Amino acid sequence: MTTASFSGSNGAAKTVLVTGVSKGLGRALALELSKRGHTVIGCSRAQEKLNSLQSELAAPDRHLLLNVDVRSNSSVEELARLVMEKKVVPDIIGTINKNNRIWEVPAEEFDTVIDTNVKGVANVMRHFIPLMIPKRQGIIVNMSSGWGRSGAALVAPYCASKWAIEGLSKAVAKEMPDGFAVVALSPGVINTEMLQSCFGSSASGYQTPEAWSFKAATMILNLTAADNGASLTV
């Protein structure tokens, strides 16, 4: 998940770009943000789920949901062009491999995890940071993981991708002008499809995406330039 927010002063309505918005944490966060009166620019590869989400968002006509593959630089570039045309400016991403030892993970599966979790984040930053800079302020939140700061057996590709997000976020934070923050945010342990694939039935003992989104939205909306380069946890 990668999020970038573009806003005026604290407390004002904000426009937030959420990638991977059709399910899991991205969907829950979009619903929570819309409920609070903020504008969501969302993207996903699942058009039917986007249509469903659009109808569930508070004030549906205020939001922009588009079919975009963040793994594709040209697809993200087109999203940025459309956003610029509509004069609204954006943020979230996440995938995991099937549980397996690294030598048993097919090359194409490894590529999917890296292309989505790392290249997808880079594509979004590449095309949206230039839109943010003229505003002289903005927050970029790249979704990390506790496994991006430690590690776990059988999910090495996912761990590698989230370690990359930690490093990428810290490096880009050093490139940004004053007034901006780039943050790596670990969501904590949430009962999502991803967790169920790792933990099985015991995943049900953890908080839901909906419960998480209330805390996460509050935290994200209150980030400031002072948080630049931080690794945070909801």
Side-chain angles (χ1 to χ4, degrees), residues 1-5 16-21 23-30 42-45 68-73 75-76 79-80 90-97 99 102 105 109-129 132 138-176 180-190 192-195 197-198 209 212-213 215-217 219-220 223 225 227-234:
M1 218 196 250
T2 297
T3 98
S5 68
V16 184
L17 167 65
V18 181
T19 67
V21 77
K23 64 179 183 179
L25 302 186
R27 186 178 190 280
L29 185 60
C43 66
S44 164
R45 287 174 285 156
V68 173
D69 184 351
V70 296
R71 299 173 300 179
S72 163
N73 181 65
S75 185
V76 177
L79 171 63
D91 263 69
I92 298 180
I93 305 178
T95 187
I96 192 167
N97 56 291
N99 300 351
I102 187 63
V105 175
E109 208 171 285
F110 188 93
D111 289 348
T112 296
V113 175
I114 299 301
D115 286 352
T116 304
N117 286 6
V118 183
K119 292 183 182 178
V121 171
N123 288 338
V124 171
M125 290 197 292
R126 177 181 300 115
H127 293 291
F128 282 98
I129 287 176
M132 297 172 75
I139 306 294
I140 299 166
V141 182
N142 294 325
M143 205 56 71
S144 181
S145 169
W147 286 344
R149 300 167 190 169
S150 57
L154 306 182
V155 286
Y158 180 80
C159 293
S161 74
K162 294 304 184 179
W163 276 79
I165 289 304
E166 291 284 327
L168 181 64
S169 299
K170 289 186 183 302
V172 177
K174 295 179 182 296
E175 299 172 353
M176 299 300 292
F180 290 84
V182 181
V183 172
L185 181 66
S186 170
V189 186
I190 321 294
T192 60
E193 289 178 16
M194 187 179 78
L195 191 71
S197 75
C198 300
W212 170 86
S213 68
K215 293 181 287 186
M219 185 175 187
I220 290 169
L223 291 171
D227 297 299
N228 191 34
S231 291
L232 304 173
T233 302
V234 176

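The model shown is predicted, which means the values in this text are computed figures rather than measured ones.
- Taking both residues in full, the closest heavy atoms of Ala152 and Cys159 are given as N-SG, 3.5 Å, listed atom of the first, atom of the second, then distance.
- Under the 3.5 Å distance criterion, the side-chain polar atoms of Trp147 are left unmatched by any main-chain donor or acceptor of Trp163.
- Side-chain contact between Val183 and Ser169 is absent, with no heavy-atom pair separated by less than 4.5 Å.
- Rounding to the nearest 0.5 Å places CG of Asn117 at 6.5 Å from OH of Tyr158.
- The heavy-atom pair separating Cys43 from Leu79 by the smallest distance is SG-CD2, 4.1 Å.
- Shown here are the salt bridge (charged side-chain N to carboxylate O under 4.0 Å, His left out) partners of Asp115, two or more places apart in sequence or in another chain: Lys119.
- In this structure, the separation between OG on Ser144 and CG on Leu168 is 11.0 Å, given to the nearest 0.5 Å.
- Expressed to the nearest 0.5 Å, how far CG of Asn142 lies from CG of Leu185 amounts to 9.5 Å.
- Every residue meeting the side chain to side chain donor-acceptor pair (under 3.5 Å) condition with Asp69, not counting sequence neighbours, appears here in chain and number order: Arg71.
- Annotation: side chain of Ile165 is not in contact with side chain of Met143 (no heavy-atom distance under 4.5 Å).
- Listed by chain and residue number, Arg149, Glu166, Lys170, Ala184 satisfy the side-chain contact (heavy atoms from CB on, under 4.5 Å) test with Ser231 (two or more places apart in sequence, or in another chain).
- Between Ser150 and Gly146 the shortest heavy-atom distance is OG-O, 2.9 Å.
- In terms of the side-chain contact (heavy atoms from CB on, under 4.5 Å) criterion, residue partners of Ser213 (sequence neighbours excluded) are, by chain and number, Ala28, Glu32.
- Panel note: side chain Thr233, backbone Gly188; no donor-acceptor pair is recorded below 3.5 Å.
- With sequence neighbours excluded, the residues forming a side-chain contact (heavy atoms from CB on, under 4.5 Å) with Ala80 are His127, Phe128, Leu131, listed by chain and number.
- Within the 4.5 Å cutoff, no side-chain heavy atoms of Ile220 are placed close to those of Ile139.
- Between Ala225 and Ala181, the shortest heavy-atom distance links the atoms CA-CB, 4.0 Å.
- Under the side-chain contact (heavy atoms from CB on, under 4.5 Å) criterion, Val118 pairs with Ile114, Ser161, Ala164, not counting sequence neighbours.
- Taking both residues in full, the closest heavy atoms of Val155 and Asn99 are given as CG1-OD1, 3.6 Å, listed atom of the first, atom of the second, then distance.
- Under the rule for a side chain to side chain donor-acceptor pair (under 3.5 Å), Asn228 has no partner lying at least two apart in sequence or in another chain.
- When side chains are defined from C-beta on, Met176 counts as touching Ile129, because their heavy atoms get closer than 4.5 Å.
- Ser145 and Ser186 get closest at one heavy-atom pair: C-OG, 3.5 Å.
- Residues Leu232 and Leu223 are in side-chain contact: their nearest non-hydrogen atoms beyond the backbone lie under 4.5 Å apart.
- Taking the side chain as every heavy atom from C-beta outward, Val113 and Val105 never approach each other to under 4.5 Å.
- Shown here are the side chain to side chain donor-acceptor pair (under 3.5 Å) partners of Arg126, two or more places apart in sequence or in another chain: Asn73, Asn123.
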